[in-house]
Protein chains: 2
Amino acid sequence: MRGEAIHLLSVKDENLKKEITLKDVAEAAGVSKMTASRALRGANDVSKVNVEKVKKAAKEIGYVGNHLAASLTKTNSNLIGVVLPNLTNIVFSHVMSGITGALDDTIFQPVFGVSDYDEEKEYEVIKNILSWRPAGLIVTGTNFPESTKLILRQAKIPLVQIMDTDGDIIDSVVGFSHEKAGYDMARALLETGRERIGFIGCIIENDFRAAKRKAGFIRALDEAGHNLVCDYNVDSVSTISVGRGLVDEALSAHPELDCIYFSNDDIAAGALFRCIEKQIAVPEDLALIGFNGMDISNCFPGKLGTSVTDRAGIGSAAAKILLRRCTGEMSIESEKIVLEPQIRLGNLLENSSSS
Amino acid sequence: MRGEAIHLLSVKDENLKKEITLKDVAEAAGVSKMTASRALRGANDVSKVNVEKVKKAAKEIGYVGNHLAASLTKTNSNLIGVVLPNLTNIVFSHVMSGITGALDDTIFQPVFGVSDYDEEKEYEVIKNILSWRPAGLIVTGTNFPESTKLILRQAKIPLVQIMDTDGDIIDSVVGFSHEKAGYDMARALLETGRERIGFIGCIIENDFRAAKRKAGFIRALDEAGHNLVCDYNVDSVSTISVGRGLVDEALSAHPELDCIYFSNDDIAAGALFRCIEKQIAVPEDLALIGFNGMDISNCFPGKLGTSVTDRAGIGSAAAKILLRRCTGEMSIESEKIVLEPQIRLGNLLENSSSS
DNA sequence: CTGAAAGCGCTAACAC
DNA sequence: GTGTTAGCGCTTTCAG
């Protein structure tokens, strides 16, 4: 019994002792902890001989630095917090991709949270991420409840809000006005002579940006003396099949439609697929307009209209702002970067009744 | 000069003093740091009165805990490392989504890294993430160079390899055999009577899984006494347009083709779009087979074949393994979870020459 | 149930 | 160039 207990103890001891620290590296290299520490980061004031010795020792004993401890000595860590509403929507994957791309080869690592378009959850996620004392934070959108804005401000770290420039801006922002994007597209469509325009969308609750595009779109129609011919909205995910179904419904209820504005490219593509089956000429008889300029918007080149957004560019620009503000002098001011979507109407331009 | 210096100092002091710590909470609540600490986590041995006092004080002074310091006292943090090859491919977004979903409402937060299918970079990313002393780690794939396997093993934390079950498994694994997936699909196609089968893929270097599917596919053809009629491979991203272009090329060079296997759904869909334009009957005259069962594989229901994979399920299962192993007794064993893809051939089944 | 002391692994600041 | 000292904010002992 006793022997076994001792054995267990020694095993446990071995596991605990396992953690290889800077001290071990220092001893193995025959220098002090400080010299080892300095040598392992970019050595400024360490002799070449010692740098070599330390790096060699570290590699040999398999030393893995402890960012936790290192960060504790500074006011914050080398983590960059990222809060996105969703990841199944590939738009945000592109954003995330832009962020990770910009953070490549830097000392920063993204810590990630998803809000699921839920304000409560978003608050909790942000709070949790702030507990890791990130050097900077990227959050999506400009519509936050007061409580969230409070902790964001109190964090006293560089903050970049992305995607949307319409609402409240706390610090820096990268994106564009979705209201304007919707407005501009409506103007462009009206210019091609289309007037009997409908809307079909998958705008889930709290997707403020899709709602803003729609609002801007309606505002432009209104200014031109038009209304939406029809207005369908479903709370769903499988957007291609939703587009297939709703375009059918819309066309039977409103055969006069000559254009439909969709909340995104997927649902517009779904509608196109259905129109191809029904042999409806797109865009000649019916223009279909999506949003984002994803790969799928080119499924049949020229057929779908869209606003091409630079998702990765937004993520990248946001991360770069943080890099500037976290590494450079703290004097760097807040920035506002607007990356306007590019309207692409394809064949619709060749078929405008005004030409 | 002197006055200014003092002023600057005092400003700096103010900023530094800014950090609100547990001590401040304790003082505000009139208890010791320890009582405050215990009260703020799930209090077991703290009087209800004190729990209330502490929580109230914390909220009032806007205290945000410091996970960095908390983690330093334990052997590792509440971070979960996640390393994926890529995020522009929506497959990995779905995986990530599954991971964050499973980590919701837990104390764990994902720390994220992208390898870009580059082994060097993957090694660096893993090493960097390990420096944050994560409680567990999720990595993609089963093909790692020796150096990477070494640090993975030395980390002594629960590890889950995802997506692929074919290669070297270090600890736990969630995914399926891509070799078998390719093999099974070829068998299924041969059973429908298709025999003049080609391959078109976007398999970038180090995308071991796509390569394994292709290898398994070829093995099944070989066993049945067949060869690939044609074999196109490009290193590109815009897969829809690649599919459009390559199917044209393949058909003019090999008009006898009755089936094409693609490396994924996007490129298969691109090919389908082109075939629709050319009025080629799919799948009657030409079967097109993708992989993953993404939304786009249903663009024209029944037309495309595919293997439906559960990406989110893989991410979720991997995260749950880590949760079990990080929170439960450490005695929990390694796990292997296989989530086989489901073959979906759509209209091809109704058109098989064997029926 | 509560508190005091010690220390997690590292680095800034100051000696030498 | 290099080493020593102190301490980041928290939690784990262990003593009340």
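Chain naming here is simple, since letters A, B, ... match the order of the sequence lines and numbering starts at 1 in each. In this text, all values refer to a predicted model and were calculated from it rather than measured experimentally. Every heavy atom of this structure was used, including side-chain atoms; hydrogens, water molecules and symmetry mates were not.
In this structure, the NZ atom of B:Lys33 is 11 Å from the C1' atom of C:dG7, given to the nearest Å. The CG atom of A:Leu68 sits 12 Å away from the C1' atom of D:dG9 (whole-angstrom rounding). In this entry the distance linking CE of A:Met34 with C1' of D:dG3 reads 9 Å, nearest Å. Rounded to a whole Å, the CG atom of B:Asn76 is 15 Å from the P atom of D:dT11. One interatomic measurement links the two molecules: NZ of A:Lys53 to C1' of D:dG3, which rounds to 14 Å at whole-angstrom precision. Between B:Asn78 atom CG and D:dT11 atom P there is a gap of 11 Å when expressed in whole angstrom units. Put simply, NZ on A:Lys23 is 13 Å from C1' on C:dC10, counting in whole angstrom units. Taking atom CD1 of residue A:Ile20 and atom P of nucleotide C:dC10, one finds them 11 Å apart after rounding to whole Å.
Closest approach to the A:Thr73 side chain among C:dT11, C:dG7, C:dC14 is made by C:dT11 (side chain taken as heavy atoms from C-beta onward). Across C:dG3, D:dT2, C:dC1, the shortest atom-to-atom separation from the side chain of A:Thr35 is found for D:dT2. If you check C:dT2, D:dT2, D:dT11 against the side chain of B:Asp45, the one that comes closest is C:dT2. Side-chain atoms of A:Val46 lie closest to D:dT2 of the nucleotides D:dG3, C:dT11, D:dT2. Considering only side-chain atoms of A:Leu72, the nucleotide from C:dC10, D:dG9, D:dT2 that sits closest is D:dG9. For A:Leu22, whose side chain is taken as the heavy atoms from C-beta onward, the closest listed nucleotide among D:dT11, C:dT11, D:dG3 is C:dT11. The B:Thr21 side chain lies nearest to D:dC10 when the options are D:dT11, D:dC10, C:dC1.
Counting all heavy atoms, side chain and backbone alike, B:Thr140 lies closest to B:Val83 at OG1-O, 2.8 Å.
The side chain of B:Ser47 places an N or O atom within less than 4.0 Å of a non-bridging phosphate oxygen (OP1 or OP2) of C:dT2. For B:Tyr63, no side-chain nitrogen or oxygen approaches OP1 or OP2 of D:dG9 to under 4.0 Å. Between B:Arg41 and the phosphate of D:dT11, there is a side-chain N or O to OP1/OP2 separation shorter than 4.0 Å.
Projected onto DNA chain C by closest heavy-atom contact, B:Lys74 and B:Asn50 fall at different nucleotides, the more 5' of which corresponds to B:Asn50.
Between B:Tyr117 and B:Phe92, the ring-plane angle classifies as perpendicular under the 30° and 60° cut-offs.
Taking a 6.0 Å sphere around CD of A:Glu119, one finds it holds more than 12 heavy atoms contributed by other residues, nucleotides or ligands.
Here A:His94 pairs with nothing under the ring-ring contact (aromatic ring centres under 6.0 Å, His included) rule; sequence neighbours left out. For the salt bridge (Lys or Arg N to Asp or Glu O under 4.0 Å) test, residues two or more places apart in sequence or in another chain that qualify with A:Lys149 are A:Glu146, A:Asp168.
For B:Arg133 against C:dG9, a side-chain-to-base donor-acceptor contact under 3.5 Å is absent.
Checking side-chain atoms of B:Asp116 against main-chain N and O of B:Asp118 turns up no donor-acceptor pair under 3.5 Å. At distances below 3.5 Å, not a single donor-acceptor pair connects side-chain atoms of B:Gln109 with backbone N or O atoms of B:Leu79.
For the helix from C:dC1-D:dG16 to C:dC16-D:dG1, the terminal axes (five pairs an end, C1' atoms, rotation from four pairs onto the next four) enclose an angle of 30°, given to 10 degrees.
Here A:Lys56 pairs with A:Glu60 in a salt bridge; the nearest charged N to carboxylate O distance falls below 4.0 Å.
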